[in-house]
Amino acid sequence: MSIISPRVRFAPSPTGYLHIGGLRTALFNYLFAKNQNGKIILRIEDTDRKRFIEDAVANLLKTLEWAGIYFDEGPEIGGESEPYFQSQRLEIYKMYADELINKGKAYYAFDTPERLQQLREQQQKLNQQTMYDKFALTLSEDEVERKMENGETYVVRLNVQPNETIVVDDLIRGKVEFDTNIVDDQVLIKSDGFPTYHLANVVDDHLMGITHVIRGEEWLSSTPKHVLLYEYLGWEKPVFAHLPLLLNPDKSKLSKRQGDVAVEDYMKKGYLKEALINFVALLGWNPGDEQEFFTMGELANKFSLERVHKAGAVFNIEKLNWLNAEHLRSKPNDELLLMLKDELSKSYYKDKVLADDYLLLIIEAMKPRVSFVNEFITKCTYFYTEPTEYDEHVIKKRWKEDTPEQLTKLRDNIAQLDNPVKEDFENALTKTAEELEIGKGKLIHPVRLALSGIGTGPGVYDLLFIIGKDKSIGRIDRALKIITIPKTNVSE
RNA sequence: GGCGCGUUCGUCUAGUGGCUUAGGACGCCGCCCUCUCAAGGCGGAGAUCACGGGUUCGAAUCCCGUACGCGCUACCA
C-alpha cells in the first residue's frame, strides 16, 4: 500500500494572456506538487465560446514556460487523462448531466433570458438572494418531452435540495458553512450544449484524479455547488484550498487600469522570471523564517499550504524591483553578458561592435548599480558612446577656474602610460595631484565628468581603464574644449 | 440587498494565551565605508495589533457584536 501522491491542476480559461493572479495560482499548485512529490496538470477551461480567443492557449503555454512552471500532463504534453481541453470533452459532461437527471439531481429548464432577468429583478427588490425558482420542475414529463421534440432550447440545472447545510472544509480557511436554501440551481449545461465551469471542473477533477483543488478565493462562494455535485455523483471530494486574492493599491481585486496585470507586461519591462516568481510566492505565503530571497528550488522545498495566509495582498512593485536587483546581482557575469547582448541588439547601439571582454568589464562595474538588465546600457551610455553634453550641476560644483590646467597635466601624464591597467591610471592621477600639490578629488571629479558627462557611476580608475587610454585622452581634450567655466565658479 | 471571506507599521508579513517594551523585509531617514553614485555594514522613524464588549490571573492570539474592505450573487471563468 502506498500513500496516494497528490495530483493538482492549474485550470485557466484562455483569455489571451496570463494574469499575474493566475501565475500565482499556477505557482502555488506547482510548488505544492513539487513539494509533495505529486503531479501537476494543465487543463484548459475553454467552455465559453463567446470568449474564444485565437492563440490564447499558445500564449498561455509560452508564458508559463517562461516562468519556469512545467506540467506533468496537459496540452502538447499529453497524459492519461486526455484531452485536456474542456471543449473536447463535451460528451463526457453530457453523460454525467444525464446521470444527474436520472437521479433527480438535475433537470431540464426552458426559461427565456427575459423571464430569468425579471425574476432576478423581483428578488432583488424583495432583498432576497437572486436564484432560480425551480419553475421547470412544475412541468410534467409530457410537457418536457413535447418541448424537447419541438426543439425548444433548454439548459440543464442542478436540483439543489433545500434545508441542508453544506460544510466546505477549506485547508486555508477552515470549515465554511452554507445553507442550501440560498444555493442557486446552477446551470450545468448551457443551451449551446457546453457545460458551465461548475459541472466541467467537478467532472474533470474527478476523472483526472485531482486530490487538491488550489484556486483563487473568488471560487469559495461557488464551492457548495461543487460539493453538492460530488455528493450527487457519489464521488469523493478533493481537498479545497482557496488562495487569498491579489489586490490593487486601493485593495480592490487586481485589475488593469491600476497597473499591469499580464505576466507578459512584466516580461517586457525586463523583470527576471526569478524575481517575479520569488515576489509572487511571497504574496500570501511565507516560509516561517526570515528568508526573503528564494530560487524556485528553494521555494519548492519549503512550500506548504499551511503557511498560506488568509488576507488579500497588495501587489507592491517596490519590493518586486528590489528582488529583481537581488536576483540580477546573484547571476554570474557570463549569464548577464548574454542578457546584455540581447538587450544591446534591441537598442540604439545595435550596430556597434563590442567585444565580450569589454561588456564584461561594464557588467562588473555596473552590477551593484543596476536593477534591470537594460540599465547596463541606460545608466552608463558613456561606455557605448562619447558624452555629448555635461551635467550642468556637476560642472558648477566640480569644474573650477584652475581645473583646465590641472586636467591638462593629468592628460599629459596619462599620455605617457604604456598599455596601462587600472593601477597605472591610479598612480598617474596620484602623481599628478602630488606634482600639483592638490587633493586627488580636484582631479577625480572633473575627470569623471569629462569621461562620462555625469557625476555618478563606478570609480574613476575603473572608468579610465574600461574606456581606455586613447579614448580617455580624447574625451578629456573634448571636455576641455567644450566646458566653459561658469562665472560663479571663478574664485573670489 | 443576500451570502461568504477578511482586518498586525505606507506595503509584504512573523505571531496559534505569558518568551512581545509586537519581530523581519521593501520603501523612507541618518551614520559608517568612500573619488561620486550604488552595493555593503550599522542605526532610526513607522502598528494604541479595525472598533466595542466579554472569557482568563493574563489576549494581537479564544468568544460575541459592530464597522470597514473584498469576493460571489450569469446559459463568464
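Letters A, B, ... mirror the listed sequences (proteins, then strands); counts begin at 1.
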Practice prompt. Kindly indicate, with the supporting measurements, whether the criterion ring-ring contact (aromatic ring centres under 6.0 Å, His included) is fulfilled by A/Y108 and A/Y154.
Written response: CA-CA 6 Å; A/Y108 295 109; A/Y154 66 90; 5.1 Å; yes

Item to complete: Would you classify A/F178 as touching base, sugar-phosphate or nothing, given that sugar-phosphate means primed atoms plus P, OP1 and OP2, and contacts are heavy atoms under 4.0 Å?
Response: sugar-phosphate

Worksheet item: So what does A/E45 touch, heavy atoms closer than 4.0 Å: a base, only the sugar-phosphate, or nothing?
Response: sugar-phosphate

Discussion item. Could you tell me how far B/rC9 sits from B/rA45 if I compare only their C1' atoms? Round to whole Å.
Written reply: 11 Å

Worksheet item: Touch check for A/R173, heavy atoms < 4.0 angstrom, all strands: base, sugar-phosphate only, or nothing?
Response: sugar-phosphate

Worksheet item: Base, sugar-phosphate, or nothing: which does A/N127 touch, judged by heavy atoms less than 4.0 Å apart?
Response: sugar-phosphate

Discussion item. Over all strands shown, is A/G459 touching base, sugar-phosphate only, or nothing at heavy-atom distances under 4.0 angstrom?
Written reply: base

Discussion item. If you count heavy atoms of other groups shown closer than 6.0 angstrom to NZ of A/K269, is the number above 12?
Written reply: no

Fill in: Parallel, tilted or perpendicular: rings of A/H226 and A/W219 (30°, 60°)
tilted

Worksheet item: Heavy atoms under 4.0 Å, any strand shown: does A/V155 hit a base, just sugar-phosphate, or nothing?
Response: base

Worksheet item: Taking any atom under 4.0 angstrom from a heavy atom of chain A, which nucleotides of RNA chain B are the first and last to qualify, 5' to 3'?
Response: B/rG1 to B/rA77

Discussion item. One thing to verify: whether A/R369 and A/E375 come together as a salt bridge, which I'm taking to mean a side-chain N less than 4.0 angstrom from a carboxylate O.
Written reply: no

Worksheet item: With sugar-phosphate meaning primed atoms plus P, OP1 and OP2, does A/G216 contact a base, only sugar-phosphate, or nothing at under 4.0 Å between heavy atoms?
Response: nothing

Discussion item. Looking at A/F110, I'd like to know if the NZ or CZ of A/K147 sits under 6.0 Å from its six-membered ring centre while staying within 45 degrees of the ring's axis.
Written reply: yes

Discussion item. Measuring only between side-chain heavy atoms, which start at C-beta, is A/F279 closer than 4.5 Å to A/F315?
Written reply: yes

Worksheet entry | RNA chain B: 5'-proximal contact among A/A11 and A/L283 (nearest heavy atom) | A/L283

Worksheet item: How is A/S221 classified with respect to the nucleic acid when contacts are heavy atoms under 4.0 Å: base, sugar-phosphate, or nothing?
Response: base

Practice prompt. Please report the C-alpha distance between A/Q118 and A/Q122 in whole Å, then the side-chain angles of each, then the deciding distance to 0.1 Å, and finally whether the side-chain hydrogen bond (donor to acceptor under 3.5 Å, both in side chains) criterion is met.
Written response: CA-CA 6 Å; A/Q118 235 168 46; A/Q122 231 168 65; 5.5 Å; no

Worksheet item: Do A/R115 and A/F135 meet the cation-pi criteria used here (NZ or CZ under 6.0 Å from the six-membered ring centre, within 45° of the axis)?
Response: yes

Discussion item. Under 4.0 Å, counting only non-hydrogen atoms across every strand here, what does A/K367 touch: a base, just sugar-phosphate, or nothing?
Written reply: nothing

Practice prompt. Nearest-nucleotide wise, let me know which of A/K225 and A/W322 is further upstream toward the 5' end of RNA chain B.
Written response: A/W322

Discussion item. Using the C1' atom as the point on both nucleotides, what is the distance between B/rG27 and B/rG15, in whole Å?
Written reply: 23 Å

Worksheet item: What is the nucleic acid contact for A/D179, judged by heavy atoms within less than 4.0 Å: base, sugar-phosphate only, or nothing?
Response: nothing

Worksheet item: Under 4.0 angstrom, heavy atoms only, what part of the nucleic acid is A/Q128 near: base, sugar-phosphate, or nothing?
Response: base

Response to the item:
Within residues 304-314 of chain A, the residues having a heavy atom closer than 4.0 Å to RNA chain B are A/R307, A/H309, A/K310, A/A311, A/A313, A/V314

Discussion item. Could you check whether A/R89 makes a cation-pi contact with A/F85, meaning its NZ or CZ is under 6.0 Å from the centre of the six-membered ring and within 45° of the ring axis?
Written reply: no

Discussion item. Using a heavy-atom cut-off of 4.0 Å across all strands, would you classify A/E326 as base, sugar-phosphate, or nothing?
Written reply: sugar-phosphate

Worksheet item: Between B/rA22 and B/rG4, how far is it from one P atom to the other, in whole Å?
Response: 36 Å

Discussion item. Would you say A/R173 and A/H242 are linked by a side-chain donor-acceptor pair, where the criterion is simply a distance under 3.5 Å?
Written reply: no

Practice prompt. Write down the distance separating the P atoms in B/rC31 and B/rA47, rounded off to the nearest Å.
Written response: 23 Å

